[in-house]
Amino acid sequence: MEETREVLLSTMEMGEADRLTIEAGLQGRQLMEAAGQSIARIILEKLNPGRTLVLCGPGNNGGDGFVVARALKENGWPVTVTLMGTKDRLKGDARLMADLWDGEIQPLAEEGLGDYDIIVDGLFGAGLDRPLEGALLDIVRAANDSNARKVAIDVPSGLSGDSGLVLGGCLEADLTVTFFRRKPGHLLYPGKALCGDLYVTDIGISGRVLDEIGAQTWLNSPAVWGELFPVPSPAGHKYSRGHSVVVSGDLAHTGASRLAAGAALRIGSGLVSVACAPEAVPAHAAQLTAVMIRSYQSPEQFADYLADHRLNAWCIGPANGVTNETRNRVLAILAAGKQAVLDADAITVFRDRPEELFAAIGSDDRKNMSREVVLTPHAGEFGRLFPDLMEGTYGFDRLKGARTAAERSGAVLLLKGPDTVVVSPDGRAVIMDDAPADLATAGSGDVLSGLVTGLLAQGMPAFEAASAAVWLHAEAARVFGAGLTAEDISPSLPTVLEKLREKLH
Ligand SMILES: NC(=O)C1=CN([C@@H]2O[C@H](COP(=O)(O)OP(=O)(O)OC[C@H]3O[C@@H](n4cnc5c(N)ncnc54)[C@H](OP(=O)(O)O)[C@@H]3O)[C@@H](O)[C@H]2O)[C@@H](O)CC1
Ligand SMILES: Nc1ncnc2c1ncn2[C@@H]1O[C@H](COP(=O)(O)OP(=O)(O)O)[C@@H](O)[C@H]1O
Ligand SMILES: [K+]
């Protein structure tokens, strides 16, 4: 595939990229000059000239600010520079850039912030290590209240580049310019919204440093999982494309399983069955055609289905009920070594004993089996299994939380939301960018579970299957457009699959 994976760098990894580049011969001041010049270029390109205020902080983010100020002034823009603290407290390259600024340097203050057309935020970037407080917070709020266009250097001040969370308060940027590669905090909410339009510029750091850094987080795109995406083999038959089983809810709750089953079939599972109690059969029979129905009277009959090795991927949870039966079925599916997607009630039912679930996922019995289990919680469900991971000082760190949860549970963690994160127990993670908000509609999560199940049935490894499902789900919604309901997602998939195949071959 021509496309390469887009790596997302944590602030520490970005610092490493910086260090390796300097080790390879480029000077820190050259990087800073390139960074500042690239921001100025984007400002000149995107904004109309106007009275510009540059806010400079005490570190290298402020150093970048001085370069921007100089470059804009050289282009004839009226520029005012304010600095937090005094110039003699600046160090290294930031000091050097401050010395190259030939204009006045005013003290950072809240007064007069409303008098500008453009505010450039060079207060804090990667070095933010505590919440904004006191006068600083007032300044950021005054900037937010002003009518100026706000341009953030690297990240809006107050935003964590790692988590997308706000420390105390945050500048609300119209435009953010970052360097070399995006950071998770540029994609994760609320960070994504606070960045405004994001630009990534080349400042002379070579992509080769990435091998040494070994980052484990990427943008979710076919470049990450495309090579493992199943395509029907010319000599194949339906049995070689796997058999998915979706466990149904009771008579009054059958729709969710049908949505999941339809999605599993559409994504290419050779056969799909819905497993239900006898009283639910008429409801399913009236609606299903290609999807088969397997009814079971007793746990023993359920176990008989599990004993059939051809029924290889199971989805349980959507509208199943938070009951002992659901819990026992989850445990039976896991004990049988099936590839499994645990969603909704199959997650909630373990709220009082998550260790029991984790033990079943990671049990010795499963070690000899596929071990491909995917948990698909939204934040609420996540909090039921991992309450401690939601209690960060600055809010719920979705990426870090999902990483710990995947490691703890032994399952691939698919944490749903506008910025869906998928994490493997081995630490690899992808973040989805720009999923259509139309997906926030009843039953769309059930479709997603079915997509993951259908890909697992075809032998795709769990991390890649979950990542691909999230991407296809979002693209199908994009193709359909406004007015989306959960039923529309699967019918919109063929267009997306067609394009994907073209790309992969
Ligand atoms: N990596 C790269 O490749 C390149 C990086 N570049 C640029 O460097 C930037 C990172 O620079 P940086 O490391 O100097 O940190 P920065 O964000 O300026 O913070 C400085 C200091 O602020 C302080 N402080 C922190 N939080 C605070 C708070 N809440 N309230 C008050 N004070 C607070 C704290 O100092 P302390 O007060 O603890 O001594 C901290 O050390 C990066 O974002 C990018 O713009 C580019 O030039 C080119 C290439
Ligand atoms: N604002 C949003 N933007 C994009 N996708 C969203 C947004 N809100 C929710 N989603 C997606 O919609 C789906 C909703 O799933 P879920 O919460 O399980 O709903 P349901 O249980 O009704 O199926 C998930 O895939 C989630 O990532
Ligand atoms: K900033």
Side-chain angles (χ1 to χ4, degrees), residues 1-5 220-247 257-275 288-294 304-315 333 336-341 366 368-374 412 414 422 424 428 430 447-476 479 489-505:
M1 254 185 51
E2 311 147 23
E3 221 181 323
T4 51
R5 303 183 291 183
N220 189 346
S221 83
V224 176
W225 41 261
E227 275 180 19
L228 293 166
F229 193 79
V231 272
S233 126
H237 46 77
K238 66 186 175 194
Y239 299 106
S240 61
R241 300 179 74 189
H243 190 152
S244 306
V245 183
V246 181
V247 178
S257 58
R258 276 195 302 279
L259 281 171
L265 193 64
R266 182 71 74 178
I267 200 72
S269 180
L271 302 97
V272 179
S273 296
V274 159
L288 294 174
T289 40
V291 172
M292 295 172 285
I293 301 168
R294 286 171 188 258
D304 286 344
Y305 290 140
L306 285 173
D308 185 341
H309 72 275
R310 292 169 305 179
L311 310 185
N312 61 334
W314 288 62
C315 171
I333 289 169
K338 300 295 182 185
Q339 334 248 34
V341 176
R366 284 194 66 85
N368 300 323
M369 304 175 190
S370 58
R371 296 176 60 84
E372 304 286 275
V373 178
V374 182
V412 165
L414 186 167
V422 179
S424 159
R428 287 174 299 152
V430 291
V447 173
L448 178 64
S449 295
L451 294 176
V452 183
T453 310
L455 290 171
L456 288 178
Q458 294 168 81
M460 199 176 187
F463 172 69
E464 285 79 5
S467 305
V470 168
W471 187 88
L472 291 163
H473 190 238
E475 290 307 312
V479 162
I489 302 172
S490 290
S492 304
L493 263 179
T495 316
V496 180
L497 289 171
E498 197 63 49
K499 279 209 190 115
L500 179 65
R501 278 195 197 171
E502 277 167 25
K503 213 186 237 188
L504 297 178
H505 293 287

Query - R428 side chain near E464 side chain, heavy-atom distance below 4.5 Å - result: yes
Query raised in the report: Can you name the side chain to side chain donor-acceptor pair (under 3.5 Å) partners of S467, sequence neighbours left out?
Result: none
Query - side-chain contact (heavy atoms from CB on, under 4.5 Å) assessment of L456 paired with W314 - result: CA-CA 9 Å; L456 288 178; W314 288 62; over 6 Å; no
Query - Check: L271 and M292 side chains under 4.5 Å, non-hydrogen atoms - result: yes
Query raised in the report: Side-chain contact, heavy-atom cut-off 4.5 Å: V245 with K338?
Result: no
Query raised in the report: Atom CG of L448 and atom CG of L259: how far apart are they, to the nearest 0.5 Å?
Result: 12.0 Å
Report summary line: d(S244 OG, L455 CG) to nearest 0.5 Å is 9.0 Å
Requested in this report: Go through the structure and list residues passing ring-ring contact (aromatic ring centres under 6.0 Å, His included) with Y305, not counting sequence neighbours.
Outcome: none
Query raised in the report: Backbone N or O of A223 within a donor-acceptor pair of the S221 side chain at under 3.5 Å?
Result: yes
Report task. Considering non-hydrogen atoms only, spot the tightest contact between V447 and A263 and give its length. Result -> O-CB, 3.4 Å
Report summary line: CG (L497) and CD (E475) are apart, to the nearest 0.5 Å, by 11.0 Å
Query raised in the report: Which residues pass the side chain to side chain donor-acceptor pair (under 3.5 Å) test with W471, sequence neighbours left out?
Result: none
**Report entry** Heavy-atom pair with the smallest gap, counting every atom of P222 and K503
**Finding:** CG-NZ, 4.3 Å
Review item, side-chain donor-acceptor pairs of residues 231-239, under 3.5 Å, at least two apart:
from	atom 1	to	atom 2	distance (Å)
S233	OG	A235	N	3.3
S233	OG	G236	N	3.2
H237	ND1	Y239	N	3.2
H237	ND1	S240	N	3.3

Query raised in the report: Any side-chain heavy atom of H243 within less than 4.5 Å of one from N312?
Result: yes
Query raised in the report: Which heavy atom of P494 sits nearest a heavy atom of R266, and at what distance?
Result: CG-NH1, 3.9 Å
Report summary line: Applied to residues 448-463, the side-chain hydrogen bond (donor to acceptor under 3.5 Å, both in side chains) test, sequence neighbours excluded, yields D343-S449
Report task. Supply the atom-to-atom distance R258 CZ to L265 CG, rounded to the nearest 0.5 angstrom. Result -> 14.5 Å
**Report entry** Any side-chain heavy-atom pair of L472 and F229 under 4.5 Å
**Finding:** yes
Requested in this report: Mind listing the closest non-hydrogen atom pair of M460 and A465 along with its distance?
Outcome: SD-CA, 3.6 Å
Requested in this report: Could you tell me whether the side chain of L306 reaches within less than 4.5 Å of the side chain of I333, counting heavy atoms only?
Outcome: yes
Query raised in the report: Roughly how far apart are S257 OG and L288 CG, rounded to 0.5 Å?
Result: 8.0 Å
Requested in this report: Under the side-chain contact (heavy atoms from CB on, under 4.5 Å) rule, collect the residues that match up with A476, sequence neighbours excluded.
Outcome: I489, S492, L493, V496
Requested in this report: For residues G226 and L504, report the shortest heavy-atom separation together with the two atoms involved.
Outcome: CA-CD2, 3.6 Å
